[in-house]
Amino acid sequence: MTTTLPPRTTTGPADDAAPRVAAGTGSPATRVLGIGALVSSALLVLYGLVISPADAEMGDSVRLMYLHVPAATYLYVGCSITTIASGLWLWKRTPGWDALAEAGAEVALVFSVVTLGAGSLWGRPTWGTYWTWDARLTSTAVLVAMLVGYLALRRLELDPAARSTRAAVLGLLLVPNVIVVNRSVEWWRSLHQGSTLVKLHPTVEGNMLVALMVGFIAFGLIFAWMMVHRFRVAWLDQQADRLDLEAALAARRAESRTADAGTAPASTPEVTS
């Protein structure tokens, strides 16, 4: 992924020396992450579709668990990153935290689509419907709506600081809603099954457990790869906005100097007798 920052407006000899700034989001580290994500995704397909057996009760639909559970977990991680970064932005006012909060929300939204999609496909043969207003599903839908609202706030035509502040306030509410989503199956009567991995005697074992762990690794690498790239894009967007602001200010100062020069009184010639 690459992006290019706009050139600065030339207003003098010093500005003529400033070249067009080109920057990319890729690096050797992201290439390693990308390769790892591809390899682990291939292993997930192998374990999920070939090696892992069908469940005695759910049949082949259990294979959707290898997508649904890791995606939901990293959805929570993305929301947590946004909440923490939003709080640090409100405290420190550091642009990097603002960029991290935006990146976390966008990646979390991607994983929310996978979570709801895989969950709906799993629900059709299990519950007989793709969607029901169950406590877990409803609270997850609210979380997704909050992510969409957060990103919509970041697209408003406002002063950048005001826009980031408003988005950060909403970002602080993501983790509390994540807690509601996670504990909804314990707090309310729910069709959704409870936790299967954190119990002392988990119900997932053998090749099914291996496939699920491979899913966590694959989704974790994909999440990290997306986060790094999206953070760098957000950071470069901020730098582009800064350059645009500097160019606008420089142009305004040049106009002001030109106007002042044009209205300066002409010198009166000396009259001698």
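On a predicted model such as this, the values are computed, not experimentally measured, just so you know.
Atom OG1 of residue T165 and atom CG of residue L158 lie 10.5 Å apart, to the nearest 0.5 angstrom. Distance CG/L172 to OH/Y150: 9.5 Å, rounded to 0.5 Å. In this structure, D134 CG and S139 OG are separated by 8.0 Å, a value rounded to the nearest 0.5 Å. Once rounded to the nearest 0.5 Å, the distance linking CD1 of I84 with SG of C79 reads 11.5 Å.
Cluster membership check: I217 shares its hydrophobic cluster with I51, using side-chain heavy-atom separations under 4.5 Å among Ile, Leu, Val, Met, Phe, Trp and Tyr. Linking ILVMFWY residues whenever their side-chain heavy atoms come closer than 4.5 Å, directly or via other members, places L151 and V142 in the same cluster. Two different hydrophobic clusters hold V113 and M227 under the rule that ILVMFWY side chains link at heavy-atom gaps under 4.5 Å. Under a hydrophobic-cluster definition in which Ile, Leu, Val, Met, Phe, Trp and Tyr are linked whenever side-chain heavy atoms come within less than 4.5 Å, directly or via other members, L46 and M213 are assigned to the same cluster. Under the 4.5 Å side-chain heavy-atom criterion for grouping Ile, Leu, Val, Met, Phe, Trp and Tyr, V148 is connected to L143 within one hydrophobic cluster.
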Applying side chain to side chain contact (heavy atoms under 4.5 Å, CB included), run through R93 and D98 and close with a yes or a no. CA-CA 8 Å; R93 298 290 173 168; D98 187 40; over 6 Å; no
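Of all heavy-atom pairs spanning L170 and G149, the tightest one is CD2-C, 3.7 Å.
The aromatic ring centres of F223 and Y74 sit less than 6.0 Å apart.
In this structure, Y47 places its OH atom where only 12 or fewer heavy-atom neighbours from other residues, nucleotides or ligands lie under 6.0 Å away.
A salt bridge links R155 to E102: at least one charged side-chain nitrogen sits closer than 4.0 Å to a carboxylate oxygen.
A parallel orientation is assigned to the rings of F231 and W235, their planes being inclined by less than 30° (bins at 30° and 60°).
Cation-pi contact between R124 and W127: absent, since separation from the ring centre below 6.0 Å together with deviation from the ring axis within 45° is not met.
Of the possible donor and acceptor atoms, one in the side chain of H68 sits under 3.5 Å from a partner among the backbone N and O of T115. Side-chain atoms of T83 come within 3.5 Å of backbone atoms of G171 as a donor-acceptor pair (strictly under, hydrogens ignored).
Y66 and S52 share a donor-acceptor pair across their side chains, judged by distance under 3.5 Å alone.
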